[in-house]
Structure formats: structure tokens, C-alpha cells
Number of protein chains: 2
Amino acid sequence: MTQKGITLKDVAAAANVSRATAARALNSYGYVGDETALRVIEAADRLGYRANLVAQALRSGQLPIVGFVPGDIQNPFFARIAHDIEAELRKHRHNLLIASSEENVEQEKELLESLRSLSIRGFILAPTSATDSQHIVQLAREGAPIVMIDRVAKEVHCDSVVVDNEGGAREAVDYLVAHGHRRIGLLRDESRIFTAQERLAGYQNSLQSHGITFDESLISVSRSTVEHAIEATIRLFSRHNRPTAVFTVDSLMTQGALLGLRSMGLSIPDDVSLVGFDDFNLATFTDPQITVVAQPISEIGPLAAKLLLERLAGKKVAPRHIRFPTRLIVRGSVSRLHKR
Amino acid sequence: MTQKGITLKDVAAAANVSRATAARALNSYGYVGDETALRVIEAADRLGYRANLVAQALRSGQLPIVGFVPGDIQNPFFARIAHDIEAELRKHRHNLLIASSEENVEQEKELLESLRSLSIRGFILAPTSATDSQHIVQLAREGAPIVMIDRVAKEVHCDSVVVDNEGGAREAVDYLVAHGHRRIGLLRDESRIFTAQERLAGYQNSLQSHGITFDESLISVSRSTVEHAIEATIRLFSRHNRPTAVFTVDSLMTQGALLGLRSMGLSIPDDVSLVGFDDFNLATFTDPQITVVAQPISEIGPLAAKLLLERLAGKKVAPRHIRFPTRLIVRGSVSRLHKR
DNA sequence: GGCCAATGTGAGATCGATCTCACAATGGAA
DNA sequence: TTCCATTGTGAGATCGATCTCACATTGGCC
């Protein structure tokens with residue numbers, strides 16, 4: 001339990017100079033004699049000196065830490081992004097502190113509040129609510145750079161990286177319509193309001209552009225977990241005039257639909273066609289494999305990190321809003337509907 | 001960009017007392033007049049004062065942050081554990097800093113080195129190597145509590161939370177043998193030396209106890225990714241006298257085996273039986289569902305966090321080594337082998 | 001009345017790194 | 001020879017919270 005703690009003072013003493021000179025030598029600024037500098041560096045090496053980041057942070061006001069607040073770190077989507085962000089930050093000697101909001105606005109507020117007092121340099125955030133965003137506005141006002149990913153919150157002026165939810169959903173439903181489907185169910189979640197709203201809009205726009213009447217009863221809402229999605233699926237397919245196809249708004253809902261349909265003895269794609277939003281590894285393991293709208297997930301994290309690092313470096317430009325296109329990956333979960 | 005920064009000084013000034021008195025009122029220690037205390041607290045509230053954790057950390061020497069170094073945060077196993085740890089720490093007002101070693105010892109060394117200078121309070125670590133552990137020993141010597149999970153490293157004296165890898169593997173292979181299999185392949189990884197070694201031992205012990213000769217050529221080694229596991233599977237099943245069953249040492253290898261076998265046109269369980277170590281959501285989506293050895297994953301994270309928090313609270317006892325039992329979950333990926 | 005304990009409060013030190021400022025050499029130019 | 005610019009170095013302040021210590025007040029008690 002020998003708390004080491006080799007401080008600059010120790011190095012300075014070992015090199016027979018003042019703390020000021022030692023600091024100059026190690027950080028190469030100001031005037032330092034060549035020989036002196038060498039002596040200091042040698043001493044630092046010998047003692048295994050490492051600057052105390054906390055002390056540095058106290059002066060500079062900022063720790064080399066970036067906060068990441070995903071909806072849920074267990075969601076592979078966010079896990080992947082967390083990984084990418086961390087790798088990118090690491091290159092710039094920054095650390096990533098992850099605090100999951102669990103899709104709960106109150107928790108999000110508390111987390112941000114507590115991260116705030118840590119003097120964290122910046123935030124990457126997937127806002128839980130599109131409207132309840134005053135706490136984020138407040139945070140931004142205090143000067144901490146923020147990058148929103150996956151979703152955006154109203155009235156917050158900061159960089160954002162999202163995907164084209166509306167277009168992706170539209171493409172998925174277009175595809176189903178092109179295969180003759182007209183009674184198309186939608187499995188959507190309530191919580192991730194921003195993406196859910198946009199995907200719903202895509203669904204509606206597609207129907208409308210094909211002259212199909214929007215039928216409220218074809219929409220089933222649940223929380224975004226596999227379990228809840230199973231129930232929602234069963235609810236949706238228990239009606240007597242059931243849909244011939246479903247579009248699910250995220251990968252957990254897709255999994256729920258898969259299990260729900262299986263439990264009802266409905267087979268894909270013979271009884272029901274399925275397209276899901278968000279690709280996920282499971283999609284290629286099922287039989288048939290699932291047709292999905294894929295997000296460019298590998299680009300989101302690195303880009304978000306890059307935007308944030310630019311802000312940390314002092315870049316002052318108007319907020320940048322990046323919106324990635326999605327891509328329909330056709331597999332085998334959609335069949336042509338034959339007129340009966 | 002109005003860097004707020006309401007400090008204790010501001011509060012003290014607003015309440016017309018000294019910083020010392022303000023600190024006493026807010027942290028309730030020492031003697032403070034009731035009325036004075038009230039005035040200070042009221043002022044703090046009004047100004048929205050929050051103690052600067054960095055300044056506190058500089059004095060106390062420690063930030064309320066715990067470092068988590070998993071093998072790979074994208075692995076659902078670690079993502080789940082990260083989530084659980086974070087939730088547990090949050091209750092005690094601690095934050096979780098995640099830095100993935102990506103199963104690379106060198107990276108692990110660098111990470112620990114850089115976390116060290118952050119004055120982090122403690123570490124939860126899945127050591128990449130069982131033998132190359134001097135850097136961890138060093139870290140422990142400096143007084144930072146460490147809890148190892150999933151694997152242990154030699155010569156490091158600290159708490160650990162692992163599962164019964166040897167027993168789990170043995171149970172899996174026993175199960176295959178009980179179904180008549182004698183030529184049982186093993187898909188194992190090279191990197192996670194500790195668990196791989198133990199699971200290999202379980203495989204060997206099971207064979208031995210059933211009088212089956214150990215055949216080196218039935219073992220296929222690869223990195224623990226789906227892609228590499230696919231190749232390893234194909235290698236294993238390309239031999240002319242191929243195995244009738246496989247045991248895979250983790251969920252990524254299991255997925256690789258699934259895809260590899262499918263690409264070779266081999267069906268489960270008719271052509272090949274399969275048991276995997278580690279349950280994963282995908283296992284119940286395939287047809288047939290996969291029989292696995294499940295780890296009590298929901299208990300690992302919370303327990304690790306609890307052990308660490310006890311250490312942080314000053315608990316001084318000999319290192320505790322927890323080893324959870326595994327559980328065989330029988331699904332449909334194993335068939336009885338008929339003598340031909 | 002005098003004295004000690006209990007109670008309240010503030011000045012200043014501390015944690016470690018860094019920055020400002022003052023001051024000392026040295027050398028070249030006038 | 002004198003003076004200023006350049007180069008090199010150290011003393012001390014700073015960041016914000018907390019802790020020690022010293023200094024006031026009170027009140028109770030002999």
C-alpha cells in the first residue's frame with residue numbers, strides 16, 4: 001500500500017532544479033538550458049514520473065475525459081458506437097466515461113448533472129427525449145461541447161450525427177408495397193421518440209405515396225425490449241384481418257417480432273413478410289435471413305468523436321448536422337403477395 | 001460560453017462567511033452555528049453550487065471513478081457486465097470509465113498506465129494474459145484496489161470473480177459423450193488464455209474420464225471473432241474423418257461454427273451436434289435452438305462492483321476468489337449418434 | 001470575579017502542475 | 001566601459017475544496 005506519488009517536486013529535487021524549471025523541461029516551453037533539460041528528463045525517467053492529470057485538470061479546468069450517454073450500453077448498436085468512440089478518443093489521449101441513461105429522462109438528467117461536476121471536457125449523447133431537453137440546453141450553455149447521436153433534441157444547438165430514419169423507413173415500406181403488400185403492420189417503440197417519430201413518418205409517407213389508406217390499427221406500440229415486442233406482435237397479429245407484412249423500427253423489436261410470430265405458428269415469409277430497421281448479427285442466422293434497413297453504424301462513432309474533438313480543439317463554426325443515408329439489405333424475409 | 005464555475009468562495013461571499021465555515025456548513029462537520037449553516041446552504045442552493053470533484057480529488061488523491069477494462073465492450077458478455085457494474089457504482093456516486101483492451105496485452109498495459117495517472121480509485125479488469133501480468137502486479141502494489149473478472153492473472157493478489165470454466169466444459173462434453181459422440185471437435189481461441197486453458201482442460205478431462213483418446217487434430221484454434229471462427233470451423237470439418245460433434249468455447253466461436261457449418265451444407269443436429277459455452281440471445285433464434293453452457297452473467301458485474309466498493313471503503317481481508325457454477329441449458333442442437 | 005470548557009469562526013496551508021514575474025547571468029553592441 | 005537584449009532560473013501565486021490551528025466568544029461553575 002505504498003502510495004507512490006512521484007510528483008514534479010521529487011523530479012525537481014532529484015535534478016537539483018526548481019519545480020518551475022522541471023516543468024519547463026518536461027513540457028518544453030520557455031527557456032531551459034540544454035543540459036538542465038536533459039538532467040530533468042533523465043531524473044523523471046529514472047523515477048518513473050507521470051504527471052498527475054487531476055492536478056493538471058484543476059488548473060486547466062478540464063479532465064481529458066469525454067462522457068458518453070447512450071440509451072443503453074447493452075444495445076449492440078450503442079456498444080459498437082461506444083467502442084468506436086473510445087478508439088478514436090484514445091488516439092488523442094482522452095478517456096471515455098460511459099453512463100447509460102436507460103432511456104429514462106430523469107436518469108439522463110441526473111447523470112448529466114453528476115458528470116458536470118467532474119469537469120468533463122465534452123459529451124456525446126443520445127437524448128432520451130426530443131422535447132424534454134432543457135437540461136441539455138443548460139449544459140451546452142455552460143460551455144461543454146456536445147455531440148448528439150442517433151437522435152436530436154429540440155432547441156439544443158450542437159453538432160449531431162443521425163441517420164435518415166424517414167428515408168430508411170420509407171424505402172423499407174416501399175419495398176414491401178412493391179411486393180404486393182398493402183396491409184402492412186408497424187411495430188414501433190414509444191421511448192426513443194425522435195427516431196420512432198421519423199420512422200413512423202417514413203412509413204406513413206410511403207403508404208400515402210402509394211395511395212394506401214393509413215390504418216391506425218395496424219400500428220402496435222411497445223417498449224423497446226424483446227419481451228415487450230413479443231407481446232406487441234401477438235396483439236397485432238391476433239386481429240381477424242391481420243397484416244400480410246410488418247415493418248419493425250429497431251433490432252430489438254425485430255427480434256420480438258421473430259419470436260412472437262414463431263410462437264403463433266406464423267412462418268416467415270410464407271405467412272408474413274418482415275423488414276426490420278437496423279441490421280444485427282442475428283439477422284443472418286435465422287432461416288430465412290431477415291431483410292433489413294441497415295445504418296452505417298461503423299461511421300457514426302468515429303465521426304461523432306471527430307466532431308467533438310474538433311470542438312475541444314476550439315473549432316468555432318455553426319452546428320453541423322450530419323445525416324447518413326441508410327441501405328436496404330435484401331435477404332429472404334419478404335415474399336411476393338399473390339392476389340387471392 | 002459563459003463558463004459558470006460557482007465555487008465555494010462565491011457561496012461563502014454570498015453568505016457572508018469564510019470559505020472554511022461554508023465548507024463546514026455544506027459538509028456538516030465541526031462546529032457551525034445553526035443560523036449560519038442555514039444561510040450558507042440557502043446561498044449554495046440559490047447559486048446552484050456544486051462542489052468541483054476535481055479539486056476534491058486533488059486533495060483526497062482520488063476521483064470517484066472506477067476503471068473497467070474488458071476484453072471487448074462489443075462482446076455482449078462484457079457489455080452486460082459493464083451495464084451492471086455501472087448501475088451498481090452509480091448507487092455509490094461513482095462513475096465508470098471503460099477502456100477496452102481489445103484482447104491485446106500491449107494495449108492493456110498502455111491503458112492501465114494512462115488510467116493510473118488519472119488517480120482512478122479502483123479497477124475492474126479482465127486480464128488479457130494469464131502470465132504477462134507484471135503491469136497489473138505493479139498497479140496493485142501502488143494501492144489501487146483491483147477486481148479481476150472472467151479470468152485471473154498469475155501472481156496478482158486481488159479479488160476475482162470467475163466462472164467454473166473447467167466444470168462447464170466438462171459438463172458440455174459429458175453431455176455429448178452421453179449422446180454417443182466420441183469424435184468431438186473443439187473450437188477454441190488463443191487469446192483469452194485463462195478461460196481457454198480451463199475450458200480445454202474440461203474438454204480433456206471429460207474425454208479422459210470416458211476413456212476416449214485425446215486427438216490433437218480435433219482441436220481448431222482461431223482468434224475469437226465470428227469471421228475467424230468460420231474459417232476454423234471449415235478447417236476442422238474439411239478433414240476426411242470429421243467430428244460428429246463440436247464444442248465451442250465462447251459465443252462468438254459458436255456463431256462462427258453455425259455459419260461455417262451452414263456454408264459447408266452441414267446441418268445441425270443431423271450432421272453435426274453442437275454445444276457452445278456461454279448463452280447468447282441468438283441461441284434461441286436459430287433452428288434448432290442451440291444447447292449451451294450458461295454463465296450466471298447477471299451476477300458477475302454486481303458482485304465485482306460490490307467487492308471493489310468494499311475495498312474502496314477500506315475493507316482489508318485476504319483476496320476473495322469467487323467462482324460461479326455454470327448451467328447446461330439443453331435445447332436442440334445435439335442428437336443421439338447412431339452406431340452405423 | 002475568575003477560569004475552563006464548549007462553541008463558532010477565520011486565516012492560512014495543503015494537494016500537484018503550471019504560469020507569471022522578478023531577477024541573474026552572459027554576450028554583443030555602442 | 002556601459003547598457004540592453006537574450007537566455008536561464010527560482011519564488012510565489014493560482015486552480016477549488018478541505019483541514020489544521022489559532023483566536024474569539026459564550027456560558028457554567030467554583
Side-chain angles (χ1 to χ4, degrees), chain A residues 3-41 43-44 47-65 93 114 116-121 142-143, chain B residues 3-41 43-44 47-65 93 114 116-121 142-143:
Chain A
Q3 284 289 20
K4 283 259 187 161
I6 291 146
T7 73
L8 187 62
K9 209 165 127 190
D10 302 327
V11 175
N16 244 329
V17 295
S18 70
R19 281 149 44 245
T21 300
R24 273 189 284 256
L26 292 172
N27 301 307
S28 39
Y29 74 92
Y31 294 110
V32 204
D34 290 350
E35 197 201 332
T36 316
L38 235 71
R39 217 168 59 237
V40 171
I41 290 168
L47 298 177
Y49 168 75
R50 299 213 93 216
N52 180 328
L53 293 184
V54 173
Q56 290 182 329
L58 180 57
R59 284 211 102 235
S60 70
Q62 298 184 314
L63 277 169
I65 296 181
R93 321 198 138 279
S114 98
R116 203 156 70 82
S117 53
L118 259 181
S119 312
I120 276 184
R121 291 204 65 190
E142 287 174 21
Chain B
Q3 285 288 19
K4 283 258 186 161
I6 291 147
T7 73
L8 187 62
K9 209 165 127 189
D10 302 328
V11 175
N16 245 329
V17 295
S18 69
R19 281 148 46 245
T21 301
R24 273 189 284 256
L26 292 173
N27 300 308
S28 39
Y29 73 93
Y31 293 111
V32 204
D34 290 350
E35 197 201 331
T36 316
L38 235 71
R39 218 169 58 238
V40 171
I41 290 167
L47 297 177
Y49 169 75
R50 301 212 91 216
N52 181 328
L53 293 183
V54 173
Q56 291 183 327
L58 180 57
R59 285 211 101 234
S60 70
Q62 297 184 316
L63 277 169
I65 296 181
R93 321 197 139 277
S114 96
R116 202 157 70 82
S117 52
L118 260 182
S119 313
I120 277 182
R121 292 203 65 190
E142 287 173 21

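Labels below follow one simple rule: chain letters A, B, ... track the order of the sequence lines, proteins then strands, and each chain is numbered from 1.
Between the C1' atom of C/dA17 and the CD1 atom of A/Ile6 lies a distance of 15 Å, rounded to the nearest Å. Here D/dC15 presents its P atom at 11 Å from CG of B/Asp10, a figure rounded to the nearest Å. B/Asp34 has its CG atom 7 Å from the P atom of C/dG8, to the nearest Å. One interatomic measurement links the two molecules: OH of B/Tyr31 to C1' of D/dA22, which rounds to 15 Å at whole-angstrom precision. In this structure, A/Leu58 places its CG atom 9 Å from P of D/dA17, rounding to the nearest Å. Rounded to whole Å, the distance from CD on A/Gln62 to C1' on D/dG16 is 15 Å. The separation between A/Glu35 atom CD and D/dT9 atom C1' is 14 Å, rounded to whole Å. Between the CG atom of A/Leu8 and the P atom of C/dC19 there is a distance of 12 Å, given to the nearest Å.
Counting only distance, with no hydrogens or angles, the side chain of A/Asn52 and the backbone of A/Val54 share a donor-acceptor pair below 3.5 Å. Distance alone, capped at 3.5 Å, is enough to place a donor-acceptor pair between the A/Arg39 side chain and the A/Ala15 backbone. Of the possible donor and acceptor atoms, none in the side chain of A/Ser28 sits under 3.5 Å from a partner among the backbone N and O of A/Ala25.
In the set D/dA17, C/dC19, C/dG16, the nucleotide with an atom closest to the side chain of A/Tyr29 is C/dC19. Among the nucleotides D/dG8, D/dA17, C/dG16, the one closest to the side chain of A/Thr7 is C/dG16.
Inter-residue side-chain proximity for B/Arg24 and B/Tyr29 is flagged as met; some heavy-atom pair is nearer than 4.5 Å. A/Leu118 is not listed as a side-chain neighbour of A/Ile65, based on a closest heavy-atom distance of 4.5 Å or more. The closest side-chain heavy-atom distance from A/Ile120 to A/Leu63 is not below 4.5 Å. A/Asn16 places none of its side-chain heavy atoms less than 4.5 Å from the side chain of A/Thr36. The shortest distance between side-chain heavy atoms of A/Asp10 and A/Tyr49 does not fall below 4.5 Å. Contact annotation: the side chain of B/Ser119 never approaches that of A/Leu53 to less than 4.5 Å [non-hydrogen atoms, C-beta and beyond]. Under the 4.5 Å side-chain criterion, counting only non-hydrogen atoms from C-beta, A/Val40 is not in contact with A/Val32.
Summary of the strand contacts: B/Gly33 and B/Arg59 both lie near DNA chain C, and taking for each the nucleotide with the nearest heavy atom, the more 5' one is attributed to B/Gly33.
OP1 or OP2 of D/dT18 sits under 4.0 Å from a side-chain N or O of B/Gln56. A/Tyr49 has no side-chain polar atom (N or O) that falls below the 4.0 Å cut-off from OP1 or OP2 of C/dG16. Phosphate proximity of C/dC15 to A/Asn52: absent, as no side-chain N or O sits under 4.0 Å from OP1 or OP2. For C/dT18, the OP1/OP2 oxygens have a side-chain nitrogen or oxygen of A/Asn27 closer than 4.0 Å.
Annotation: proximity of residues 18-26 of chain A to DNA chain D (heavy atom, distance under 4.0 Å) is found for A/Ser18, A/Arg19, A/Ala20, A/Thr21, A/Arg24, numbered in ascending order.
Within the nucleic acid shown, B/Val17 comes within 4.0 Å of sugar-phosphate atoms alone, with no base atom in reach, counting heavy atoms only. Within 4.0 Å (heavy atoms only), A/Thr36 reaches sugar-phosphate atoms of the nucleic acid but no base atom.
For the helix from C/dG1-D/dC30 to C/dA30-D/dT1, the rotation axes defined at the first and last 5 base pairs enclose an angle of 70°, given to the nearest 10°.
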